[in-house]
*Asks:* 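Could you have a look at this structure, given as structure tokens, before my questions?
Numbering of ligands and ligand atoms starts at 1, following listing order. Just so it is clear, the model here is predicted, and its values are computed rather than measured. These values consider heavy atoms only, across backbone and side chains, with no hydrogens, waters or symmetry-generated copies.
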Amino acid sequence: MEVQSVGPNEFLSIDGPASIRIIDGKLYVLGAEYGPGSSFTVMRGRRIVAKSLGEGKIDVVLGPEGRIERIDGTNEVIDTWDRALSTIQLRNSVIVVLGAMDVGKTTVTTILVNKGVMGGLKVGVIDGDPGQNDIGPPTTVSASIATNFITHLTQLRNLRSIFVKTTSIEHVWDYVLNSISKLVNELKHGHNVDAVVINTDGWISDPAAVKFKLEMIKHVSANYVIVIRRGDEVNELLKGLASITINTIVLPSPSNARIRDRDDRRIRREMGYSKYLMPSRELSINLREKPIVNLPLFNGLRYDNYITRLIRRSLNVPIHYIEQWGGVAVAIGDVKEFQVKNLGDVSIAILPVNWERGLLVALEDRDNYLLSLGVLRKIYYNTGKAVISIPKSFNNEDLVDHIRLGMIRVNDNYEEIEKTLYIGKIESLLSSQNISRKQ
Ligand SMILES: Nc1ncnc2c1ncn2[C@@H]1O[C@H](COP(=O)(O)OP(=O)(O)OP(=O)(O)O)[C@@H](O)[C@H]1O
Ligand SMILES: [Mg+2]
């Protein structure tokens, strides 16, 4: 603990872990003003720039890598951001925050939340970044409602999450789009929030990414878009935005933001899975009653032994289990990798034995909201049961309506060991046959 004096218009760069209590004076931090007696924290690995609004004294507690430093404010974005963001009419608005990786999207989202709270609003927040989700676990888009000042989105209580199967948004962007729209509607109509702020992922430059972001703006009926610009990454996006009618605010990115590399991000996600799932217990689920929505098993047409033998022979692959759904059959066989073979009019999707081991899955309610993440351990084809590791504390088994398979495989330490694409391929096979059971 250390007491420090601060002067008017002084800028403090604070690296977490750190905890600051105001003894005297006032600090501006992420859209909020902290007066005497109030305090805020900065998380490990994060940096926050605060501005002193007058003479004052603060109490500083730093953790192992924590640091506080007085900096020259001339290159700071804090005032520019504040001026630009103050022009937003928050009440009844839906605001989408866009930008590449590490440019400050989550920080700008936090500022908007605090500005709303400062104005007495009930602010809905959506973290639409399944890779680095701060409200819910990785692989989800999640929603919350803020009523207090925050320094990190992680301080918000998760209200609702939707599982989007993977953290690689480019494979599931249309599902992410629908999920975010659904959360916006839920916040607006189910919880009567005054404003919704949407934080997004950093996939921004590809033509598909631009399309995704423009579609999102349309789907959620956004009335403001904030684009954080660092270099040329957002040029195509800005061109796209110019062609639609929307209030667009372009902000500079902080020059000294902390960068997280790929490994940092992966490790953070893995910590996210284990924090969520541990301590865990095993749940046995009858897939005939609570089916896997994106991989039909146990409710289709079973072949008799004679036909199974015939199929085995014509495919020239040992098959252990097979079941048909209209023009698609799902088989488990001695193959190295997922493959699709055609036999007559039927496309047979053949999955390797143990294909399920370690796949992330979601237990969902009847409205497709996440009840719990889980890790699929084993499917027993003779009984139609699945064993899934879930958090020990999970006690909403009655609400589980179905299972949704994800596209990430983890090992026993919750490290990501594979991103599988075949679930997506099976889903498109099914939808081409019009036999997807549930969206
Ligand atoms: N004004 C600032 N000056 C310096 N660093 C900042 C400033 N504002 C935020 N940061 C830090 O920069 C880093 C990136 O910010 P932030 O997490 O908001 O970006 P992001 O675009 O959401 O990143 P991601 O791609 O990981 O989602 C964080 O460590 C954050 O604490
Ligand atoms: Mg972010």
Side-chain angles (χ1 to χ4, degrees), residues 10-18 20 27-32 40-51 65-85 95-114 125-136 138 140-142 144 150-156 167-169 176 180 197-205 209 213 226-231 233-234 237 250-269 271-272:
E10 244 175 29
F11 292 84
L12 302 167
S13 168
I14 310 162
D15 285 358
I20 313 289
L27 282 193
Y28 170 93
V29 185
L30 302 175
F40 64 91
T41 53
V42 183
M43 269 169 45
R44 194 177 64 83
R46 313 247 92 194
R47 177 174 296 158
I48 283 178
V49 175
K51 182 180 176 184
E65 296 142 41
R67 238 161 71 104
I68 182 162
E69 196 187 357
R70 255 152 258 261
I71 52 168
D72 171 17
T74 31
N75 291 323
E76 281 312 309
V77 293
I78 201 168
D79 289 331
T80 321
W81 279 12
D82 192 66
R83 263 194 308 276
L85 297 176
I95 304 150
V96 179
V97 182
L98 301 175
M101 276 197 276
D102 290 312
V103 295
K105 299 178 297 297
T106 302
T107 308
V108 166
T109 304
T110 309
I111 295 175
L112 288 168
V113 167
N114 286 336
V125 196
I126 293 173
D127 197 335
D129 183 356
Q132 307 290 315
N133 206 287
D134 284 320
I135 297 178
T140 68
V141 291
S142 296
S144 181
I150 52 168
T151 39
H152 300 288
L153 296 184
T154 43
Q155 291 158 336
L156 296 169
T167 54
S168 310
I169 211 149
V176 173
I180 291 178
V197 188
I198 306 173
N199 180 38
T200 61
D201 62 280
W203 184 50
I204 203 84
S205 306
K213 296 295 164 6
I226 294 161
V227 180
I228 309 173
R229 175 159 49 186
R230 176 190 58 193
E233 298 149 328
V234 291
L237 177 72
V250 181
L251 299 179
S253 171
S255 51
N256 52 351
R258 278 192 165 185
I259 304 294
R260 289 190 285 195
D261 63 22
R262 259 181 116 85
D263 280 342
D264 268 5
R265 289 169 183 271
R266 183 181 43 76
I267 291 165
R268 240 174 67 91
R269 281 201 300 275
M271 279 165 39

*Asks:* Among protein heavy atoms, which lies nearest atom 6 (C) of ligand 1, and at what distance?
*Replies:*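 Looking only at protein heavy atoms, the one closest to atom 6 (C) of ligand 1 is Arg47 O, 3.7 Å.
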*Asks:* Whether the side chain of Asp82 engages the backbone of Gly31 through a donor-acceptor N/O pair (distance < 3.5 Å, no angle test) should be reported.
*Replies:* no
*Asks:* Is it the case that atom CZ in Arg268 sees more than 12 heavy atoms from other parts of the structure closer than 6.0 Å?
*Replies:*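 Above 12, so yes.
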*Asks:* Which protein heavy atom lies closest to atom 17 (O) of ligand 1, and at what distance to 0.1 Å?
*Replies:*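 Protein heavy atom at minimum distance: Arg46 NH1, 3.0 Å.
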*Asks:* In terms of residue, atom name and distance, what is the protein heavy atom nearest to atom 12 (O) of ligand 1?
*Replies:* Ala257 CB, 3.3 Å
*Asks:* Just need the protein heavy atom nearest to atom 19 (O) of ligand 1, so name the residue and atom and give the distance.
*Replies:* Gly104 N, 3.0 Å
*Asks:* Are Ile20 and Val29 close enough that some pair of their side-chain heavy atoms sits under 4.5 Å apart?
*Replies:*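 Of all side-chain heavy-atom pairs linking Val29 with Ile20, none is under 4.5 Å.
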*Asks:* Which atoms of ligand 1 sit under 4.0 Å from any heavy atom of Met101?
*Replies:*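 Those atoms are 25 (O).
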*Asks:* Give the residue and atom name of whichever protein heavy atom lies nearest to atom 25 (O) of ligand 1, and the separation in Å to one decimal.
*Replies:* Asp102 N, 2.9 Å
*Asks:* Please state which protein non-hydrogen atom is closest to atom 13 (C) of ligand 1 and give its distance, to 0.1 Å?
*Replies:* Arg258 O, 3.4 Å
*Asks:* Among all protein heavy atoms in this structure, tell me which lies nearest to atom 26 (O) of ligand 1, with the distance rounded to 0.1 Å.
*Replies:*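 For atom 26 (O) of ligand 1, the nearest protein heavy atom comes out as Arg260 NH2, 2.7 Å.
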*Asks:* Given Gly45, Ser253, Pro254, which has its nearest heavy atom closest to atom 7 (C) of ligand 1?
*Replies:*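 Going through Gly45, Ser253, Pro254 one by one, Pro254 has the nearest heavy atom to atom 7 (C) of ligand 1.
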*Asks:* Using a 4.0 Å heavy-atom cut-off, say whether Asn256 meets ligand 1 through its side chain, its backbone, both or neither.
*Replies:* both
*Asks:* Using modelled atom types and a 3.5 Å cut-off, is there a donor and acceptor pairing between side-chain atoms of Asp127 and backbone atoms of Asp134?
*Replies:* yes
*Asks:* Is the number of heavy atoms from other residues, nucleotides or ligands under 6.0 Å of Arg229 CZ greater than 12?
*Replies:* no
*Asks:* Please round to the nearest 0.5 Å and tell me the distance separating atom CG of Leu98 and atom CD1 of Ile204.
*Replies:* 5.0 Å
*Asks:* For ligand 1, note which part of Asp129 has a heavy atom under 4.0 Å away: side chain, backbone, both or neither.
*Replies:* side chain
*Asks:* I'd like to know if the side chain of Thr200 and the backbone of Val97 have a donor-acceptor N/O pair within less than 3.5 Å.
*Replies:*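 Yes, because the side chain of Thr200 sits within donor-acceptor range (under 3.5 Å) of the backbone of Val97.
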*Asks:* Please list the nearest protein heavy atom to atom 20 (P) of ligand 1 with its residue and the distance rounded to 0.1 Å.
*Replies:* Lys105 N, 3.4 Å
*Asks:* Arg265 heavy atoms, cut-off 4.0 Å: which ligand 1 atoms fall inside?
*Replies:*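 So the atoms of ligand 1 that pass are 24 (P), 25 (O), 26 (O).
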*Asks:* Should the heavy atoms of other residues, nucleotides or ligands under 6.0 Å from CZ of Arg44 be counted, would the total exceed 12?
*Replies:*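 Atom CZ in Arg44 is not packed in, count stays at 12 or less.
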*Asks:* Take a 6.0 Å sphere around CG of Asp264 and say whether it holds more than 12 heavy atoms from other residues, nucleotides or ligands.
*Replies:* yes
*Asks:* Heavy-atom contact check, 4.0 Å cutoff: does Gly99 meet ligand 1?
*Replies:* no
*Asks:* With atom 1 (N) of ligand 1 as the reference point, say which of Ile71, Thr109, Val49 has the nearest heavy atom.
*Replies:*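 Ranked by closest heavy atom to atom 1 (N) of ligand 1, first place is Val49.
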*Asks:* Considering both backbone and side-chain atoms of Val77, is one of its nitrogen or oxygen atoms within less than 3.5 Å of a nitrogen or oxygen in ligand 1?
*Replies:* no
*Asks:* Taking side chain as C-beta onward, heavy atoms only, is Asn133 less than 4.5 Å from Arg269?
*Replies:*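 Counting from C-beta outward, Asn133 and Arg269 never come under 4.5 Å.
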*Asks:* Does Thr106 bring an N, O or S atom to under 2.8 Å of the Mg ion (ligand 2)?
*Replies:*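 Yes, since at least one N, O or S atom of Thr106 sits under 2.8 Å from the Mg ion (ligand 2).
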*Asks:* So is Thr107 polar-close to ligand 1, meaning N/O to N/O under 3.5 Å?
*Replies:* yes
*Asks:* Sub-3.5 Å donor-acceptor pair from the side chain of Arg46 to the main-chain atoms of Thr151, do we have one?
*Replies:*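 Pair absent, no side-chain N/O of Arg46 close to backbone of Thr151.
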